[in-house]
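The sequence lines fix the lettering, A, B, ..., with proteins before strands; numbering per chain opens at 1.
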2 protein chains.
Amino acid sequence: MTRRAGLRDVAARAATSTKTASRVINGDPRVSADTRARVEQAVEELAYRPDPLARSLRRGLDETVGVVVDEVSDPFFASVIGEIERMALDRGVTVIIASTRRLAEREHIVLDGLLQRRVAGLIVASISDDHSHLRTASCPVVFIDRAPVGLAADAVVVDDRVGAVQAMEHLLGHGHRRIAYVGDRLSIATARLREVGYREALAAAGVPVRADYVEEMDPQDGDGLEVVQRLLALDEPPTAIFSANTRCSLRLLPPLHRLGRTDVAFISFGDFPTAEALDPPVSVVNHSPELIGRLAATRLFRRMNGDEVAPETIVAPVAIVPRGSGEVTP
Amino acid sequence: MTRRAGLRDVAARAATSTKTASRVINGDPRVSADTRARVEQAVEELAYRPDPLARSLRRGLDETVGVVVDEVSDPFFASVIGEIERMALDRGVTVIIASTRRLAEREHIVLDGLLQRRVAGLIVASISDDHSHLRTASCPVVFIDRAPVGLAADAVVVDDRVGAVQAMEHLLGHGHRRIAYVGDRLSIATARLREVGYREALAAAGVPVRADYVEEMDPQDGDGLEVVQRLLALDEPPTAIFSANTRCSLRLLPPLHRLGRTDVAFISFGDFPTAEALDPPVSVVNHSPELIGRLAATRLFRRMNGDEVAPETIVAPVAIVPRGSGEVTP
DNA sequence: AGGAGCGAGGTAATCGTTGTCATCGCGGGA
DNA sequence: TCCCGCGATGACAACGATTACCTCGCTCCT
C-alpha cells in the first residue's frame with residue numbers, strides 16, 4: 001500500500017505549491033477559483049486528510065480537550081464525559097480522558113501531561129485544594145463539580161448547599177427530627193458544602209446537630225453495612241438518612257433493604273437508574289450530569305474561540321424528586 | 001514567562017548536541033556516564049519535558065490508544081474505559097475516547113479520525129458488520145464485546161451464548177416453561193448470540209419457542225413499561241423473563257416492581273449496582289467490564305510492543321449470580 | 001604495524017504543515 | 001506615463017524532536 005498522501009502530493013497533483021494547497025485546505029479566501037478547484041480535486045482524488053499531529057505541532061495547539069475526573073467509571077462522570085464527547089465530536093474536537101483516582105499527585109501528573117500535549121482546553125473535576133499553578137496554563141480551563149481555589153476561572157457546579165437544604169427541609173417537613181448525614185470525606189469541597197446545608201437546615205429548624213449522626217464514608221470502598229449498623233445501633237437511632245452522595249447511597253441501600261429497615265426515610269443527593277425500582281422508590285435530589293457536561297463544554301468552546309468574558313461560576317440547578325423513600329414518616 | 005525549554009536548550013546547557021541529549025532522554029546506552037549526567041542535570045534544571053506532538057510526528061506514531069464504544073455513559077463501557085485508562089496511565093499512554101452512538105457511519109468517521117491521528121492502538125466495540133477496511137489499519141486493533149467480521153484480529157468477548165444458556169437453564173431448573181426473552185435489537189451481534197442461547201436452551205429442554213415471548217427493545221430509549229405490559233397481557237403470560245441486556249433490565253424492572261409483579265422470575269444478563277437492593281434482589285449473569293477492559297488493554301499493549309502472536313478471541317468468563325429474582329418459582 | 005570494530009558524539013535531513021516574506025502581474029490614480 | 005497597491009502565489013524557514021549517516025579515537029587481533 002502506498003504511503004498516505006501528504007500536502008506535497010496534493011500540491012504536485014494540482015500543479016501548485018504546498019502553501020497554496022494549504023490555503024485551500026484552510027479556507028483562505030486569497031486563492032483563485034481556478035486553483036482552488038484544482039486543489040480540491042486533487043484532495044478528493046488522493047483522499048488527502050491533513051495530519052493532525054503535524055498541524056498541531058506547527059500551530060502550537062492541538063484541537064483536543066482533556067477531561068480530568070476522579071474515576072471514569074463513576075456513573076456521574078461517565079455521563080458528564082459522554083455529553084462532552086458528544087459535543088466535541090460535532091466540532092471535530094478530540095477528547096482525551098484521564099482519571100485522578102482522587103489522588104492530588106496523580107491529578108498533577110495527568111494535568112501536566114495534558115498541558116504538555118498542548119490541549120486546546122481542559123475540563124477538570126479537581127480534587128486538589130489549590131489551583132494557582134493552573135494560572136499559567138496555556139489553554140482555557142473549566143472546572144466542574146468543584147470550584148477552583150486560588151484562581152479565577154470558569155466553573156460549572158451543582159448547588160450543593162441548596163440541594164442539601166432542600167433535601168433536609170423535605171425530611172423535616174415530613175416530621176423527621178433525627179436525621180443522619182452520610183457523605184463523602186469532608187476533605188472534598190462538594191461534600192463539605194452538602195454537610196453545611198445539612199447543618200444549616202437543622203439549625204433553621206431548631207434541631208441540634210448530633211455528632212454521632214454524621215458519618216463520613218469513602219464512596220469508593222466504604223462499608224455501607226457498617227455505617228448503617230452503627231447508626232441504627234445508637235441509643236436514639238435516626239429516623240431518616242440523608243445520603244449526600246450517589247455512590248454512598250448505592251452502598252447504604254442494599255444493607256438497609258437487607259435488614260428490612262425501609263421504615264427509615266432516605267434521600268439521596270444524586271439520582272441513579274434503579275432508584276425507581278426499589279421499594280419504596282428512592283427520593284433523590286437530582287443534578288443532571290448531562291447538563292453539567294453540556295454547560296462546561298459550551299463554556300470551554302466559547303473560550304477556545306477566544307471569547308474573553310469574565311470567569312464565571314455557573315450553578316446547575318437541582319431539584320428534589322419525591323418518589324417514596326423520602327416521604328416515609330418517623 | 002519564558003518559553004518552555006526544548007531539547008536544544010537542554011543540549012546547550014549540557015554543552016553537547018541535541019542528538020546526544022535525545023539519546024539520554026531515550027535511554028540510549030551509547031552515551032558516556034559523564035555526558036549522561038550533564039544532560040540529566042540540565043533536564044532537571046530546565047524542567048524539560050519532551051514534546052509529545054513533535055515526537056509523535058517524527059516517529060510516525062502517537063503513544064496513544066483510541067477507545068471506541070457505543071456510548072461513553074453506558075455503565076458497561078464506562079467501566080471498560082475506566083479500566084483501560086487505568087492501565088494506560090501506568091504506562092504513560094494517553095487515552096482518546098469516541099462514541100459511535102451505534103451509528104455505523106459515525107463509527108467510520110471516528111475510526112478514521114483516530115487512525116489519522118496515528119494512534120498506537122485501538123480498542124473498538126464495533127457496531128458495524130464488516131471490518132475488512134481495518135485490515136490496512138496502521139496499528140493493532142482489539143475488538144471488545146463484539147468479534148470482528150471479515151478480519152483476523154484480537155477480540156475480547158463475553159460468552160454470550162453460554163451465558164444465555166446458563167441463565168435459561170437456571171430458570172428452567174426452577175420449573176419455568178414460559179420464559180420471555182427481552183434484549184437489544186437483533187442486528188447487534190451480541191444480542192443475536194444471546195437470543196441463540198435462549199433458543200438453544202429451550203430446545204434442549206423440549207420447550208417450543210413462542211414468537212410472542214421474544215421482544216426486541218432498544219436499550220437507549222425503549223419503553224420498558226410497554227414491553228412488560230405486552231408480555232403480561234398475553235393469553236399465557238410468561239412466568240419468567242430473561243433480560244439479555246443490562247440497560248434493558250434497568251428499563252424493565254421499575255415497571256415490573258411498580259406493577260407489583262415480582263412473582264415473575266427475572267434474570268439479567270449483566271450486573272448493576274442496585275441489583276442487590278431490589279426486592280427480591282436481582283439474579284444476574286455477571287460479566288465483569290473491568291475484566292474485559294483489562295484483557296483488552298493487556299492484549300493491545302502486547303501487540304504495541306511488537307508481539308506477533310496469532311490473533312485470538314479471548315472469551316471472558318460469565319457466571320450466574322443467584323440472588324432471588326431468578327429463583328422465584330412459577 | 002595496519003586496519004577492523006566499537007564506543008561516543010555530531011551534522012544535516014526529515015516528519016507534514018503553516019507563518020513570513022518576497023515576487024509577479026495588472027489596473028487605477030496622480 | 002509612472003508608481004502604488006492589491007490579489008495571487010511560491011520559496012523558505014520553522015515547529016521540536018528523531019533518524020540516517022558520518023567522524024574521531026581507541027583497542028585488539030593478525
The single option from D145(B), L291(B), I123(B), I144(B) that satisfies side-chain contact (heavy atoms from CB on, under 4.5 Å) with V80(B) is I144(B)
Rounded to whole Å, the NZ-P distance (K19(B) to dG16(D)) equals 18 Å
Specify the separation, in whole Å, of atom CG of D62(A) and atom P of dC15(D). 18 Å
Can any side-chain N or O of D307(B) pair as donor or acceptor with the backbone N or O of R303(B) at less than 3.5 Å? no
Within the 4.0 Å heavy-atom criterion, would you say G60(B) contacts the bases, only the backbone, or no part of the nucleic acid? nothing
What's S56(A) touching, base or sugar-phosphate or nothing? Going by heavy atoms closer than 4.0 Å. nothing
How close or far is atom P of dG16(C) from atom CG of L46(A), stated in whole angstroms? 14 Å
Before giving the answer on side chain to side chain contact (heavy atoms under 4.5 Å, CB included), spell out for E107(A) and L111(A) the whole-Å C-alpha distance, their side-chain angles and the decisive distance to 0.1 Å. CA-CA 6 Å; E107(A) 173 178 324; L111(A) 241 27; 3.9 Å; yes
Under 4.0 Å between a side-chain N/O of R118(B) and OP1 or OP2 of dG16(C), yes or no? yes
Choose from dT9(D), dT18(D), dG16(D) the nucleotide whose nearest atom is closest to any side-chain atom of T35(A). dT9(D)
Using the closest heavy atom to pick a nucleotide of DNA chain C for each, name whichever of R58(B) or R23(B) lands nearer the 5' end. R23(B)
Among dA17(D), dT17(C), dG9(C), the one nearest any side-chain atom of P50(A) is dT17(C)
If you only use heavy atoms from C-beta on, which nucleotide in dT17(C), dG9(C), dT9(D) is closest to the side chain of L7(A)? dT17(C)
When you get a sec, tell me which of dT19(D), dG9(C), dG16(C) is the closest nucleotide to the side chain of L57(B)? dG16(C)
Phosphate contact (dT18(C) OP1 or OP2) by S22(A) side-chain N/O below 4.0 Å: yes
What's the CG-C1' distance between D28(B) and dT19(D), to the nearest Å? 12 Å
